[in-house]
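The structure appears below as structure tokens.
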Amino acid sequence: MLDIRYIRENLHDVELRLKSRGAGVELSGFHALDARRRDLLQEAETLKALRNRVSDEISLVRDKSLEQDRIAEMRTVSQRIKVLDEELRTLDEEVRSFLLTVPNLPSPDAPLGVSEVDNQEIRRWGDIPALEFVPKPHWEIGENLGILDFECGAKITGARFTLYRGAGARLERALINFMLDLHTTRHNYIEILPPFMVNRESMTATGQLPKFSADLFHLEGVDYFLIPTAEVPVTNIHRSEILSGKELPIAYTAYTPCFRSEAGSYGKDTRGLIRQHQFNKVELVKFVRPSDSDIELERLLDNAEEVLRLLELPYRVVDLCTGDIGFSACRTFDIEVWLPGQNCFREISSCSNFGDFQARRASIRFRDEEKSKPEFVHTLNGSGLAVGRTLVAILENCQKADGSVTVPEVLRPYMGGLETISSIS
RNA sequence: GGAGAGAUGGCCGAGUAGGUCGAAGGCGCUCGCCUGCUAAGCGAGUAUACUGGGAAACCGGUAUCGAGGGUUCGAAUCCCUCUCUCUCCGCCA
């Protein structure tokens, strides 16, 4: 959510910056609404001040029968207040629901552009492996080894669900543990295991609602949603809190499954693990001082990249342009891992700075000094990493001509020492 | 699922025959005094949001005692709805 006063005072600038992300938001209606609201508020509060004063005076008089005139007068005043309050409630609701649909302002540092073709690659790491055979896509590798069963996932549930078996299941679990261990012991994140369902308020705070309900799974019977990312429950840990400046920065990491309806992506990435309704992810979330959020984003990004470096998987980092940045973010870097089976880079992590956008929706503030006024924190998050896609990258990058897959060295302790996944394992 | 109890400021905790209650008291915290050090002691201060004025310091108004409605000139206190927490029973990993 944007600062209503900032919009009020920088109407034109806000419109321009929203336009740069391709969001045509009309602010003139909002301006009128806001002005009307403040007029009514003034009137209502003046009347309330009068009522409070007179009521206090009445309370001092023993014999209320002497006060019938003023009581009657205040009855009229109260009726007027009621009407004004009613109207204000409506206006407040209109203002709020409008603000909830306005995306964040992109950072001035983000490259200008209209779509992903304008994103800028800023670095690459690792050598693309030179294989002396035609690399297979991971779904063929996984099926041949018997460790991924797409048919069975479809039978049990439906399209975009997959059953992992044997070494495949263990590899996924090894990756989760490896990532969590790395972030907690080397990068100083606190491990969180949150609920996998959240309420409407939490979804609104991080920005999934009200606009993107179609992307979510909603439960029947209770107003809960399956989380599309751990960002939602973990960011909401500090909803409606005033943190002490001494606690900042706060860094959490969490493994959760993620559930996405993938509405509107019919026919896209239908084969394999790339686009599932349920996938595992280890997430990184930070709460930081506004002055630190740029540098903290660099750190978070580096923490996510470290996973790929240790796994020895080649990747590149992309700076998302204004037109491609998500609704709540002001700056985003994607990490894309190399997939030889598909001969392309695929997103495996998205690391974003949200500025105070989520903090304002969620009312997450901090007090820098004991006596200083509370201000909004900045929130950041990024995948560290998407586990299913990491498994995909391992299968495709570490495949051998005979169809077996070499387990990256750092994962072997998590795999009971297993060095190679072959059909007999 | 059945029965009951509860929700007050950073924390603990008063306050229900409606008014002087943004709210006693204690703890904590901040500043000052005192003290050889520590502890104790003394004094002052210690919520947030919106809104009006002001360059600002700041001053004024309104709201907030789980949330939302209602009754009333006036609600932490009365009424209704909802949410959450706890206890007992049932069921259950």
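No experiment lies behind these values; they were computed from the predicted model shown. In what follows, every chain begins at residue 1, and chains take the letters A, B, ... in the order their sequences are listed.
- Within 4.0 Å of A:Arg367, counting heavy atoms only, lie sugar-phosphate atoms of the nucleic acid but no base atom.
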Return one dot-bracket line describing RNA chain B 5' to 3' (Watson-Crick or G-U wobble pairs, both distances under 3.5 Å; ( ) same strand, [ ] crossing, | another strand, . none). ((((((((.[[[..)...(.....]]]((((((.......))))))(((((((....))))))).[[[[[..)....]]]]])))))))....
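- Ion pairing of A:Lys268 with A:Glu262 is absent here, as no side-chain N (NZ or NE/NH1/NH2) approaches a carboxylate O to less than 4.0 Å.
- The interatomic distance linking A:Lys373 (NZ) with B:U48 (C1') rounds to 9 Å, in whole Å.
- Between B:U8 and B:A3, the two C1' atoms lie 27 Å apart (nearest whole Å).
- Using a 4.0 Å heavy-atom distance criterion, A:Leu41 is classed as a sugar-phosphate-only contact.
- Comparing the P positions of B:C31 and B:U38 gives an interatomic distance of 15 Å, to the nearest angstrom.
- At the heavy-atom level, A:Asp56 lies nowhere under 4.0 Å from the strands shown.
- Side-chain N/O atoms of A:Ser78 include one lying less than 4.0 angstrom from OP1 or OP2 on B:G74.
- Between B:U83 and A:Asn199, no contact under 4.0 Å exists linking OP1 or OP2 to a side-chain N or O.
- Looking at A:Arg38 and A:Asp34, a side-chain N of the basic residue comes within less than 4.0 Å of a carboxylate O on the acidic one, giving a salt bridge.
- Within a 6.0 Å radius of CD in A:Glu116, no more than 12 heavy atoms belonging to other residues, nucleotides or ligands are found.
- Put simply, A:Arg5 has a side-chain N or O that comes within less than 4.0 Å of OP1 or OP2 on B:C50.
- Between B:G19, B:U48, B:G61, one nucleotide has an atom nearer to the side chain of A:Ile58 than all others, and that is B:G19.
- One finds no salt bridge joining A:Arg360 and A:Glu375 here, because no Lys/Arg side-chain nitrogen approaches an Asp/Glu carboxylate oxygen to under 4.0 Å.
- Side-chain contact annotation: A:Arg309 with A:Tyr315, donor-acceptor N/O pair under 3.5 Å present.
- Contacts of A:Arg70 with the nucleic acid, taken as non-hydrogen atoms under 4.0 Å apart, are absent.
- Contact between the side-chain N/O atoms of A:Lys82 and the OP1/OP2 oxygens of B:U71 is found at a separation under 4.0 Å.
- Distance check: A:Leu311 CG to A:Met179 CE gives 6.5 Å after rounding to the nearest 0.5 Å.
- Taking CD1 of A:Ile250 as the start and CZ of A:Phe366 as the end, the distance is 11.0 Å to the nearest 0.5 Å.
- When the C1' atom is compared between B:G28 and B:U64, the two are found 23 Å apart, to the nearest whole Å.
- For B:G68, neither phosphate oxygen OP1 nor OP2 lies less than 4.0 angstrom from any side-chain nitrogen or oxygen of A:Arg89.
- Using atom C1' as the reference point in both B:U30 and B:A47, the two lie 15 Å apart (nearest Å).
- Listed nucleotides B:C73, B:U48, B:U62 differ in distance to A:Ile242; the shortest reach to its side chain belongs to B:U48.
- The distance between atom CG of A:Leu40 and atom P of B:U51, rounded to the nearest whole Å, is 14 Å.
- Looking at the side chain of A:Ser55, the nearest of the listed nucleotides B:G61, B:U51, B:G74 is B:G74.
- Remark: aromatic rings of A:Phe98 and A:Phe30 are close, center separation under 6.0 Å.
- A distance of 10.0 Å separates CG in A:Leu175 from CG in A:Asn280, rounded to the nearest 0.5 Å.
- As rounded to the nearest Å, B:C65 and B:U77 have P atoms that lie 8 Å from one another.
- Distance check on atom P: B:G22 versus B:C27 gives 24 Å, rounded to whole Å.
- Rounded to the nearest Å, the gap between the C1' atom of B:U83 and that of B:G66 is 8 Å.
- B:C79 and B:U20 have their C1' atoms separated by 26 Å, with the value rounded to a whole Å.
- Contact annotation: A:Arg51 side-chain N/O to B:U72 OP1/OP2 distance is not under 4.0 Å.
- Between A:Asn52 and B:G74 there is no side-chain N or O to OP1 or OP2 distance below 4.0 Å.
- Heavy atoms of A:Arg8 sit under 4.0 angstrom from primed sugar atoms or phosphate atoms, though from no base atom.
- Proximity of A:Arg75 to the phosphate of B:C73: a side-chain N or O atom is located under 4.0 Å from OP1 or OP2.
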